[in-house]
Amino acid sequence: MKQNLLLLCLLCSAPLHSEVLWQDFRVSYLTGNHYRLGDNKRDIYTFEHAAATSWGDSFFFLDHIRPDSGDVANYAEWAPRWSFSKLGLAEAKWGLISDVTFATTVEMSSQTTHLLYGVGFNLDIAQFRYFQVNLYRRNNEKRSDNWQTTVTWGLPFALGDQEFLYDGFLDWASATEDHNAN
């Protein structure tokens, strides 16, 4: 069942005639010591891609983790969202809500895969370039299924003549009989 849902998400996310409205690609390198979990020292290479398209939007990242032990690992997430208004399914503007989406996420590592699906809301909040709230049902591979809320934002600001963007996310997942809320 989960493999079928993943395949359906992959097929639906690649419309043959979609237009890319904008896209961004970033590469980051982090190195650090004194991690509380796993190896004490590690390097992390992160590759990110975000895009708005004629059908919705998509965010992808891959963390390539290289600890001192040599046990290389990869972790990735892909989150395509289909816009109700862009697809002509419904006019989705109410108050602060500028659009409603069918939101999905695939979380992938060599140990496990989680599939998330639900509804997303794009909000028009003053000063923010974007502010999104996604409400998901989590289909977890190795523990009980649960619920997740993800909030993402981008807030531009300037210091002198330099422009910056404070962007980020917050994930909250509900507790189950075999896992604490986090």
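Throughout, numbering of the chain's residues begins at 1 and tracks the sequence. Any value given below was found using the heavy atoms of this structure, including those in side chains, with hydrogens, waters and symmetry copies removed.
Listed for the T149 side chain is no donor-acceptor partner under 3.5 Å among the backbone atoms of W172. Without hydrogens or angle criteria, S58 side chain to A51 main chain gives no donor-acceptor distance under 3.5 Å.
Transitive grouping of hydrophobic side chains (ILVMFWY, heavy atoms separated by less than 4.5 Å) brings W55 and F102 into a common cluster. One hydrophobic cluster, built from ILVMFWY side chains closer than 4.5 Å, holds both F25 and F60. When hydrophobic clusters are built by joining Ile, Leu, Val, Met, Phe, Trp and Tyr residues whose side-chain heavy atoms come closer than 4.5 Å, directly or via intermediates, Y166 is grouped together with F164.
Here the closest heavy-atom approach between residue L165 and residue P156 is recorded as CD1-N, 3.6 Å. Minimum heavy-atom separation, A103 to N134: CB-OD1, 3.6 Å. Residue Q23 comes nearest to H49 through the heavy atom pair OE1-NE2, 2.8 Å, listed as atom of the first residue, atom of the second, then distance. Taking all atoms of both residues into account, the shortest heavy-atom contact from S83 to T101 is CA-CG2, 4.0 Å. Smallest separation of non-hydrogen atoms from K86 and A52: NZ-CB, 4.4 Å. Minimum heavy-atom separation, A175 to A181: CB-N, 3.5 Å.
Judged as a ring-ring contact (aromatic ring centres under 6.0 Å, His included), the pairs with a partner in residues 127-147 (not counting sequence neighbours) are, in order, F128-F131. Listed by first then second residue, pairs satisfying side-chain hydrogen bond (donor to acceptor under 3.5 Å, both in side chains) with a partner in residues 154-164 number zero, not counting sequence neighbours.
With rounding to the nearest 0.5 angstrom, the CG atom of N146 is 9.5 Å from the CG atom of N139. Taken to the nearest 0.5 Å, the OG1 atom of T176 stands 9.0 Å off from the CG atom of D145. Rounding to the nearest 0.5 Å places CG of L21 at 6.5 Å from OG1 of T53. Going from atom NE2 of H114 over to atom CZ of R143 covers 5.0 Å, rounded to the nearest 0.5 Å. With rounding to the nearest 0.5 angstrom, the CE atom of M108 is 9.5 Å from the OG1 atom of T105.
A donor-acceptor pair shorter than 3.5 Å cannot be found between the side chains of E48 and T46. Residues S85 and D99 have side chains that bring a donor and an acceptor to within less than 3.5 angstrom of each other. T152 and Q132 form a side-chain donor-acceptor contact under 3.5 Å, judged by distance and modelled atom types alone.
Taking the side chain to side chain contact (heavy atoms under 4.5 Å, CB included) definition, one finds that F121 meets it with I97, V100, V119, L123, L135, sequence neighbours left out. Residues satisfying the side chain to side chain contact (heavy atoms under 4.5 Å, CB included) test with A158, not counting sequence neighbours, are none. Scanning for side chain to side chain contact (heavy atoms under 4.5 Å, CB included) contacts around N180 gives an empty result, with sequence neighbours left out. Residues that satisfy the salt bridge (Lys or Arg N to Asp or Glu O under 4.0 Å) test with D171, not counting sequence neighbours, are absent from this structure. E107 meets the salt bridge (Lys or Arg N to Asp or Glu O under 4.0 Å) test with R138; sequence neighbours excluded. In this structure, the ring-ring contact (aromatic ring centres under 6.0 Å, His included) partners of Y45, at least two apart in sequence or on a different chain, are Y29. Listed by chain and residue number, nothing satisfies the salt bridge (Lys or Arg N to Asp or Glu O under 4.0 Å) test with D178 (two or more places apart in sequence, or in another chain). The side chain to side chain contact (heavy atoms under 4.5 Å, CB included) test applied to L89 returns F84, L87, not counting sequence neighbours.
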Can you give me every donor-acceptor pair (side chain of residues 34-41, partner residue at least two apart or in another chain, under 3.5 Å) with its distance?
| unit_1 | atom_1 | unit_2 | atom_2 | d |
| --- | --- | --- | --- | --- |
| D39 | OD2 | S69 | N | 3.1 |
| D39 | OD2 | S69 | OG | 2.6 |
| N40 | OD1 | H34 | N | 2.8 |

For this session: Could you give me the CA-CA distance, side-chain angles and deciding distance for N122 and R81, then say whether side chain to side chain contact (heavy atoms under 4.5 Å, CB included) is met?
Result: CA-CA 11 Å; N122 292 350; R81 300 179 333 135; 2.5 Å; yes
For this session: Could you check V106 against T113 for side chain to side chain contact (heavy atoms under 4.5 Å, CB included), going step by step and ending with a plain yes or no?
Result: CA-CA 7 Å; V106 180; T113 299; 4.1 Å; yes
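Under a 4.0 Å N-O distance rule, the pair D24/R129 does not qualify as a salt bridge. With salt bridges taken as basic N to acidic carboxylate O contacts below 4.0 Å, none links D43 and R66.
When hydrophobic side chains of Ile, Leu, Val, Met, Phe, Trp and Tyr are connected at separations under 4.5 Å, F59 ends up clustered with F61, Y75.
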